[in-house]
Amino acid sequence: MTIVGEAIGTIVTRPSGTTHTGSGNQYVYNGPTYISDPQSQRPVRSPRAAIRKDLNWLDDRFIEPEKYLEAAISLREWNVVLVAGQSGSGRRSTAQMLLHNLPGVEGPYREIPLDPAEDDRGLEVQSGDRVLIDVSSVKDEMYPALYDRLAARQANVCDVGAYMAVAVPDDISAVIHGDLGRRIIHIEKPAAQVVLHRYLACDGIDVTLADLDHPALHSKPMRAIDRLAQSIGDAKNKGVGDIRDWVESALKAASEHAKNVADRAAKMKGSERVLFLAAGVLNDAHADAVYDAARSLHEHVDLAGDDTPLLEQEGLIQQLDGFDVTVDDTSGCISFADFDYDAMIRTYFWSNYPGLRMQFRQWIGDVVSQSTLSGGDRDRVITRFAEQALRTGRPTDLTSLAEGWSAKGASAARWPDAVRVLQLGLEDPRHSSVIRRKIRQWAIQQDLPAERGQVLVEVCADVLARNDPMSAAIRLRHLARQADRRISDAAREAISTLCRQDRWFCREFMHLLITRMDSARVVSPADIEIFLHVTDPDECAAIVSSPGLRLLLTHGWHLAMTQSEHPTWRQNVQKWLGAVSDARLDEGTLDILLDAAARKDDALSRLYATTVRWRQGQVTHLRERMAVANHFCRQINELQGL
């Protein structure tokens with residue numbers, strides 16, 4: 001087989017360390033520790049570090065497509081490149097790698113959604129920033145609006161010396177013209193066997209390109225390669241056959257099982273189909289869980305029960321055996337003999353029974369609550385359901401489940417499931433905008449249940465902030481303004497943590513917050529409280545001492561001093577004084593407070609009184625505190641002309 005000159009591209013990334021048990025992408029999720037839970041400590045997880053890990057993982061597996069060098073030159077010389085191509089050609093991953101491997105540029109990497117429902121006008125980029133925009137799934141009726149948004153963002157990026165890579169549909173050149181149109185680079189669909197070879201090599205599976213020269217593989221889209229590689233790895237782990245047998249088995253799973261499932265289902269009675277679907281959704285779970293799920297599905301689809309006494313019916317194991325399902329004698333867990341057969345069952349039912357999709361969603365909600373499921377089973381069920389809901393264009397099925405699992409009075413055991421199902425929706429580029437909008441609607445809801453509020457904080461802090469920090473900042477601010485202190489305290493703590501971990505998030509959040517405060521007719525006390533919490537040196541001295549935030553902090557303090565009660569900000573001033581006296585802050589940092597109060601005699605007088613009170617109330621490190629207080633009081637007197 002000759003591969004010289006063939007188009008080579010990328011694949012969808014797949015985290016390692018977790019078993020993938022269905023078709024489509026796999027997402028690894030570690031259950032959250034809720035911020036307001038007094039029995040636990042929230043783990044410190046940096047979104048920036050997570051992104052670097054993902055990009056490095058992809059970099060190891062990435063093969064440059066044709067015209068990659070041309071795209072890299074455009075990005076380097078003109079600061080912008082639009083990566084176009086057919087669906088499955090690796091547009092997004094190519095754009096990611098162009099930004100990741102940009103020589104000599106180490107600015108923050110972030111993704112910006114260009115969603116007409118999202119306001120990204122306040123998002124500022126700075127020199128060296130690396131911006132990814134993925135609009136590869138946008139519908140053609142949105143192309144004109146997309147052009148306007150991209151042109152505006154291009155001007156912003158070029159003015160400040162940032163870099164922007166955009167994944168766009170292949171036919172976008174029909175409406176993108178001018179200088180932006182000259183930045184479009186078309187890539188071709190990669191050779192599937194070459195991509196698969198690289199992927200297997202990274203997974204430690206030693207194969208040659210000749211081993212992968214299978215006719216059925218040549219036409220496979222990139223979205224199928226990820227699962228194909230996993231199926232080959234599963235076959236290898238079973239220790240049966242050689243590489244050609246593994247490839248043959250994996251390709252057979254992808255091409256023949258769908259017809260087999262359809263033929264088998266057509267011959268079944270309704271009760272048999274119920275058990276068939278339950279087994280497909282709960283593959284790898286205990287047989288008892290499959291039985292419980294089948295009984296629940298009977299009720300949801302209004303299927304008349306079998307009046308035959310239980311002991312006269314076929315046993316559960318015998319019925320499952322009729323589907324080529326094996327029940328492990330030791331664990332009691334079920335498994336299908338053929339690769340991906342369970343995925344084909346799920347696809348068959350969701351595709352052929354559109355009128356039952358709402359009932360399927362309700363059923364999944366019940367299944368997840370079954371006591372016979374383990375945590376791993378529950379995660380697999382949610383992932384498999386989400387794949388089908390998103391595949392059939394029903395992202396609201398995900399938000400409906402999350403809404404139920406985080407309703408007022410909902411068990412805390414369901415909160416991680418709500419986080420998980422929203423995460424899966426946010427990580428699907430076709431439907432993430434629907435999930436983002438729903439999260440924003442919830443975040444501004446006046447009577448938001450505390451249960452849902454904590455779920456949303458976790459989603460924003462640990463999922464949205466990873467690739468879409470501006471959307472996370474907007475929603476966390478709304479959550480931090482909630483009247484319920486369980487929600488607002490959790491949101492403020494999440495904001496502080498993100499600000500400590502990520503200077504860009506800190507800069508953008510402060511810009512967002514202070515802009516909103518400045519434009520309001522009356523500054524919200526909640527916004528003042530958020531500002532004071534984030535700038536508390538006990539929380540994060542690095543934020544207070546950041547030179548890049550000086551003007552923002554000064555204006556924020558000016559608003560706090562002039563539009564809120566004195567006791568509201570007095571304690572924070574005293575914390576700043578204490579941080580200077582014990583050398584956590586440089587003494588020059590106090591100039592921010594002076595500049596904020598300048599030309600406002602009442603603010604300066606209150607600042608003076610606060611300093612005197614702080615000086616008089618100290619009993620430790622008295623010499624250092626007296627020196628700081630006396631110097632600061634002299635500066636205030638000078639500003640007042642005294």
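Residue numbers count from 1 along this sequence. Hydrogens, waters and symmetry mates are skipped; everything else that's a heavy atom, side chains included, is used. Being a predicted model, the structure only gives us computed values, none of them experimental.
- Counting only N and O atoms by type, the side chains of Q154 and D179 include a donor and acceptor under 3.5 Å apart.
- Between the side chains of Q574 and N572, no donor-acceptor pair is found at a separation under 3.5 Å.
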If you look only at distance, which donor and acceptor atoms sit under 3.5 Å apart when one is on a side chain in residues 551-561 and the other is two or more places apart or in another chain?
| from | atom 1 | to | atom 2 | distance (Å) |
| --- | --- | --- | --- | --- |
| T554 | OG1 | R550 | O | 2.8 |
| H555 | NE2 | D518 | OD1 | 3.1 |
| H555 | NE2 | D518 | OD2 | 3.4 |
| H558 | ND1 | A596 | O | 2.9 |

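- Each of V135, L146, L180 was evaluated against V166; a single residue qualifies, V135, per the side-chain contact (heavy atoms from CB on, under 4.5 Å) test.
- Residues passing the side-chain hydrogen bond (donor to acceptor under 3.5 Å, both in side chains) test with Q563: none are found, sequence neighbours excluded.
- The two residues S136 and P169 have their closest heavy-atom pair at O-CG, 3.7 Å.
- Here E565 does not pair with R570 in a salt bridge; the nearest charged N to carboxylate O distance is not below 4.0 Å.
- Counting heavy atoms of neighbouring residues, nucleotides and ligands inside a 6.0 Å radius, atom CD of E106 does not exceed 12 of them.
- Salt bridge R414/D417: present, at least one basic N to carboxylate O contact under 4.0 Å.
- Applying the salt bridge (Lys or Arg N to Asp or Glu O under 4.0 Å) test to D536 and every residue at least two apart in sequence or in another chain returns K575.
- Atom-to-atom distance recorded for S74:OG and Y163:OH is 12.0 Å, nearest 0.5 angstrom.
- Residues I185 and A71 share a closest heavy-atom pair of CG1-CA, 3.9 Å.
- With sequence neighbours excluded, the residues forming a side-chain hydrogen bond (donor to acceptor under 3.5 Å, both in side chains) with E529 are R485, R492, listed by chain and number.
- Checked for salt-bridge contact, D129 and R507 meet the test: a charged N lies under 4.0 Å from a carboxylate O.
- Between the side chains of R153 and N156, at least one donor-acceptor pair of N or O atoms lies under 3.5 Å.
- Within 6.0 Å of atom CD in Q571, 12 or fewer heavy atoms from other residues, nucleotides or ligands are found, so the atom counts as exposed in its surroundings.
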Using side chain to side chain contact (heavy atoms under 4.5 Å, CB included), reason through V168 and V83 one step at a time and then give a plain yes or no. CA-CA 6 Å; V168 296; V83 182; 6.0 Å; no

Are E451 and R486 close enough, and set up right, to give a salt bridge (Lys or Arg N to Asp or Glu O under 4.0 Å), and what steps lead you there? CA-CA 9 Å; E451 295 83 352; R486 290 170 293 180; 5.6 Å; no

M517 and S524: CA distance, side-chain angles, deciding distance, side chain to side chain contact (heavy atoms under 4.5 Å, CB included) verdict: CA-CA 7 Å; M517 290 166 62; S524 164; over 6 Å; no

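- Q96 approaches L132 most closely through the heavy-atom pair CG-CD2, 3.8 Å.
- Interatomic distance, L464 CG to E458 CD, rounded to the nearest 0.5 Å: 12.0 Å.
- For the residue pair S581 and E624, the shortest heavy atom distance occurs at O-CB, 3.8 Å.
- Taking D582 as the reference, R584 meet the side-chain hydrogen bond (donor to acceptor under 3.5 Å, both in side chains) condition, with sequence neighbours excluded.
- The CG atom of L604 sits 12.0 Å away from the CD atom of E638 when rounded to the nearest 0.5 Å.
- We find that D462 and R466 are not joined by a salt bridge, their nearest charged nitrogen and carboxylate oxygen being 4.0 Å or further apart.
- Residues F62 and H100 keep their aromatic ring centres 6.0 Å or farther apart.
- In this structure, a donor-acceptor pair under 3.5 Å is present between the side chains of T497 and R500.
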Kindly indicate, with the supporting measurements, whether the criterion salt bridge (Lys or Arg N to Asp or Glu O under 4.0 Å) is fulfilled by R606 and D602. CA-CA 6 Å; R606 290 174 178 176; D602 55 342; 5.1 Å; no

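- Qualifying side-chain hydrogen bond (donor to acceptor under 3.5 Å, both in side chains) partners for D527, counting only residues two or more places apart in sequence or in other chains: R477, R481.
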